[in-house]
Structures are given as C-alpha cells and as structure tokens.
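Note that the numbering runs from 1 along the sequence shown for the chain. These numbers come from the heavy atoms of this one structure, side chains and all, not from hydrogens, waters or symmetry mates.
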Amino acid sequence: MPLSNTATSYGSLARTFHWLIALGILIMIPLGWIAHLAPMQDAGQIALKTALFSAHKTLGVAIFLLALGRIFWAIVQPRPVPLHPERRAETTLADTVHWALYAALVIVPLSGWIEHAATDGFAPIWWPFGQDLPFVPNSPELAETMATVHFLAQWLLVGALVLHVAGAIKHATVDRDATLRRMARGEPAGQPGERHGGAAPAVLALAAWIAVLGGGAAAGYFTDEQSADAPALEAAASDWEVQEGTLSISLVQMGSEVTGSFADWTAAIAFEPQDAPGKAGEVDVTISIPSLTLGSVTSQALGADFFAASEFPTASFRADLMNVADGYEAQGTLSLKGAEMPVTLPFTLTLDGDTAEMQGRTTLDRRNYGIGDNMADPGQLSFEVEVLIDLTATRSGDT
C-alpha cells in the first residue's frame, strides 16, 4: 500500500494519522469529563482524579503532536478529489468541517497544555520532558484564559465531529459510495481533475471559530467570576500605606510545589523604628479568602473542605510588631476559618526615609484551621503551608 496520497485515494500514512487521532479523541473527550466530574473528598479519590487528569493531558499532548503531523502531511500531499463535485453545497460543507476539525485538533490540546504549563502542581503530564512550555509564564490569569478557550473549543470540536461522522454515515448508508472505504482501505474513487471548493471552506471555518470564541466572550466566559463573588475590601486607615506587595502561600501537593496568592488584602500598620528591643508598633491585616488563586486547584481550595470561602470570606491577622535580638517579628493571632491560633511571623525590614521594604515568612499547620481534614496523608498534601509576604510601604503624610 503506497505511503502517499493520489488524486483518487488516501495513502497509508494519511489513513494512519486519521484513525489514530480518531481513536485518541474517542478516549480523550469522555476521559476529560470523567476526570472533571470525579470527586476528590479523600486521599483515594484525589489520587484517582489526579491519574485521570494526567492520562487526559498526556493523551492530549499525543493528539496534538499527531495533529501537527497530519496537517503537515495534508499540506504536502494532494487531497483526493471529491466524489460528488456537482453537489457544491455538500462539498463546501464537508471541506468546512475538515478545516474546523484541523483547527480544533490544534487549539483544544494546545490550550489545555498552556493552561497546565501556566499553573503549578496538580496532575503532571506523563513524560520525561518537564511540565513547562517555552514562553509560557506561571500565570493564574493566563491559565484561566486558556481553560476558557479549552472549554469553548471542545464544543466546536464535538460539533465538527458529529457533522463529520454524520457525513460518513450518509455516504455509507444513503449514497453507498466509496467515501468511507477510501479512508478505511485506501480504495481509489472519483474522477481525477476535480477540485475542492477554494477558499470558501476555510473562511467559513474561521467564521465558526470566531462565533464560538466571540460568543463565549460576549457571554462573559472570559470574565473573572471569582472577583464578582468577592467584593473588594475597603482600604484600611494606616500610618503606613502599602504601595505594592504580595501575600502568597506555598505547599506541596502530590510531590510538587504549588504556590498561590491572595489578590485582595489590606494592612493597617502603626510603626516607629527603634533600636532597643521591644514593641515597635502594631499591624491589623484583613485577607479576602475568595481572592485566592492556587493554580489548577483554586476551586477545590476555596471549597468547603479547605478554605470554605463562602462561609468564611475573610481572615485576619492582628499582631504586635516586635524588635527582637535578630530582627523583627509580628507576634499575634491568625483568625482563619473560624479558628484562632497564635502565629509569629519573622521579617526583615529596610528603611529609607519614609519608605519601608519588608519581607516575611512563616509556616502554618493547615490542620490547626480545619483545612483539608480529609487529606490525612502529607504525601498527597503537606501539613505545612508556608506564608510569604513582601511589601513596600510609605509613611502617611498626616502622621
């Protein structure tokens, strides 16, 4: 059987690409939905969900690479002539579906891959080449955008597949022609010299993609729903105003470090530099829990078993700022998810006139706050959670 296509038949390589990709899609789509719907209430369920998502991602990468090969081969090879060129509308529709499918075979897995590379931790791809992609930063915003593209694009993929399969069934059962046999066995059919319908199918396929993604944008799929559920905190009256800063957390999940941050938090700071050990000021921090982003597990982290953001939308840390022998410490109480625990946060401080730069780090035990009580195995989710704060503040003009 020849490797290359002819004017009337598909070669063995094109047919191999076709059926491998078809098999992969038949497995990948239901696998993705099963993984998405699988519960994660205990260690066993989380391990299963992780394995399902890893299998889905790994298969997606394989389909993406196969699709690139298929598209390249389609570009350099002649495409067999249409069997019914006189049916112009039908031929144009078939070609449009092919163009839409080619785009979907690239966009669906690639968007999922970028989402994965832009986040930390959950469900690695099973291969030895790492989890990152060139030019893809670690960015929750990019990951969320790509997740939305992935979600919308999958429906166009499904729609194009339904039309493609329906067309194949029509050719086999109604027209009783050689369309399916041409792809299944390489049987030649058609009259050499006939051509497909020019640029119109590609333009129509592009219009379909614009309609799906543009419609998703118009419907609000690309907006930050989380921010709508988490009203911004009011600014705190403070002797020192935070100009910029980050409040982040870091933990280990399934052997991988996962980092996240709170987008909305306020700090009321009263502080007077002093050389002698003792109290140098006070701080009152309020944190919007729903503003947390934690890679691909954000929604789970905000759920009832973890931060319970709906029931406990804020956390607070009230502390004395102490000048100690080897630097500074914030010694106070962290109120989180209805629990109050003493916390000491060591920090460094650099003063330049009325500007202060502060970096601090401490470690919490999530079990003290009832976070992830169903995750009793630290190998799946570490008990220790590092809290890191980095900020620049300036003294208020009225102090």
Side-chain angles (χ1 to χ4, degrees), residues 1-29 32 56-83 91-117 125 127 129 133-136 146 149-168 179-180 182-184 186 190 194-213:
M1 184 64 64
L3 200 67
S4 301
N5 297 350
T6 70
T8 58
S9 66
Y10 287 101
S12 59
L13 186 56
R15 291 186 291 109
T16 299
F17 275 129
H18 178 277
W19 293 111
L20 283 177
I21 292 171
L23 177 62
I25 292 173
L26 288 176
I27 297 172
M28 184 181 68
I29 292 177
H56 175 74
K57 293 176 181 180
T58 304
L59 183 57
V61 171
I63 290 175
F64 172 72
L65 297 176
L66 283 171
L68 291 183
R70 174 71 180 94
I71 293 169
F72 172 78
W73 192 245
I75 292 172
V76 301
Q77 287 290 297
R79 184 175 174 188
V81 296
L83 294 185
T91 301
T92 298
L93 176 60
D95 288 347
T96 300
V97 170
H98 274 100
W99 277 103
L101 272 175
Y102 284 153
L105 291 174
V106 173
I107 293 172
V108 173
L110 182 59
S111 59
W113 197 357
I114 294 174
E115 178 198 359
H116 171 82
I125 297 170
W127 71 344
F129 304 112
L133 278 174
F135 312 111
V136 176
M146 288 298 103
V149 172
H150 189 69
F151 173 77
L152 294 172
Q154 71 176 344
W155 293 113
L156 199 149
L157 171 62
V158 169
L161 279 174
V162 169
L163 290 174
H164 184 66
V165 172
T179 298
L180 189 57
R182 208 160 57 164
M183 181 55 73
E194 299 291 351
R195 291 290 181 265
H196 291 267
V203 172
L204 291 172
L206 178 61
W209 276 100
I210 292 174
V212 169
L213 297 179

Task: Side-chain donor or acceptor of Asn5 paired with backbone N/O of Pro78 under 3.5 Å - done: yes
Task: Leu133 side chain near Trp113 side chain, heavy-atom distance below 4.5 Å - done: yes
- [ ] For the residue pair Pro80 and Arg182, establish whether any side-chain heavy-atom pair is separated by less than 4.5 Å.
- [x] yes
- [ ] Determine the minimum heavy-atom distance between Ala160 and Val97, stating which atoms define it.
- [x] O-CG1, 3.5 Å
- [ ] Measure the spacing between OG of Ser4 and CD of Gln77 and express it to the nearest 0.5 Å.
- [x] 4.0 Å
- [ ] Would you please test Val61 and Trp127 for side chain to side chain contact (heavy atoms under 4.5 Å, CB included) and show each step?
- [x] CA-CA 10 Å; Val61 171; Trp127 71 344; 4.1 Å; yes
Open item on the list: The test is side chain to side chain contact (heavy atoms under 4.5 Å, CB included); show your working for Leu157 and Ile29 and say whether it passes.
Closed with: CA-CA 10 Å; Leu157 171 62; Ile29 292 177; 4.3 Å; yes
Task: Leu105 side chain reached by Phe64 side chain, heavy atoms, under 4.5 Å - done: no
Open item on the list: Could you walk me through whether Asp95 and Arg79 satisfy the side chain to side chain contact (heavy atoms under 4.5 Å, CB included) test, starting with their C-alpha distance in whole Å, then the side-chain angles of each, then the deciding distance to 0.1 Å, before giving a yes or no?
Closed with: CA-CA 11 Å; Asp95 288 347; Arg79 184 175 174 188; 3.2 Å; yes
Task: Straight-line distance of Leu83 CG to Thr8 OG1, nearest 0.5 Å - done: 9.5 Å
Task: From CG (Leu13) to CG (Leu3), nearest 0.5 Å - done: 5.0 Å
TODO: For the residue pair Trp99 and Tyr102, categorise the inter-ring angle as parallel (less than 30°), tilted (30 to 60°) or perpendicular (more than 60°).
DONE: perpendicular
- [ ] Compare every heavy atom of Ala100 with every heavy atom of Trp209, then report the nearest pair and how far apart it is.
- [x] NE1-O, 3.6 Å
TODO: Find the distance between CH2 (Trp73) and CG (Leu68) and round it off to the nearest 0.5 Å.
DONE: 15.5 Å
TODO: If the plane angle is over 60° it's perpendicular, under 30° parallel, otherwise tilted; pick one for His18 and His164.
DONE: tilted
- [ ] Kindly say whether Met183 contributes a backbone atom to a donor-acceptor pair with the side chain of Trp19 at under 3.5 angstrom?
- [x] yes
Task: Closest non-hydrogen atom pair, Ile107 against Ala153 - done: CG2-CB, 4.0 Å
Open item on the list: So, taking the atom named CD1 in Ile125 and the one named CG in Leu59, what distance separates them when rounded to the nearest 0.5 Å?
Closed with: 11.5 Å
TODO: Decide yes or no for Ile63 and Met28: does some side-chain heavy atom of the first lie under 4.5 Å from some side-chain heavy atom of the second?
DONE: yes
Open item on the list: Could you report the tightest heavy-atom contact between Ser9 and Gly186, atom names first, then the distance?
Closed with: CB-O, 3.5 Å
Task: Whether His150 side chain and Ser111 backbone form a donor-acceptor pair below 3.5 Å - done: no
Task: Atom pair OH (Tyr10) and OG1 (Thr16), whose distance is rounded to the nearest 0.5 Å - done: 14.0 Å
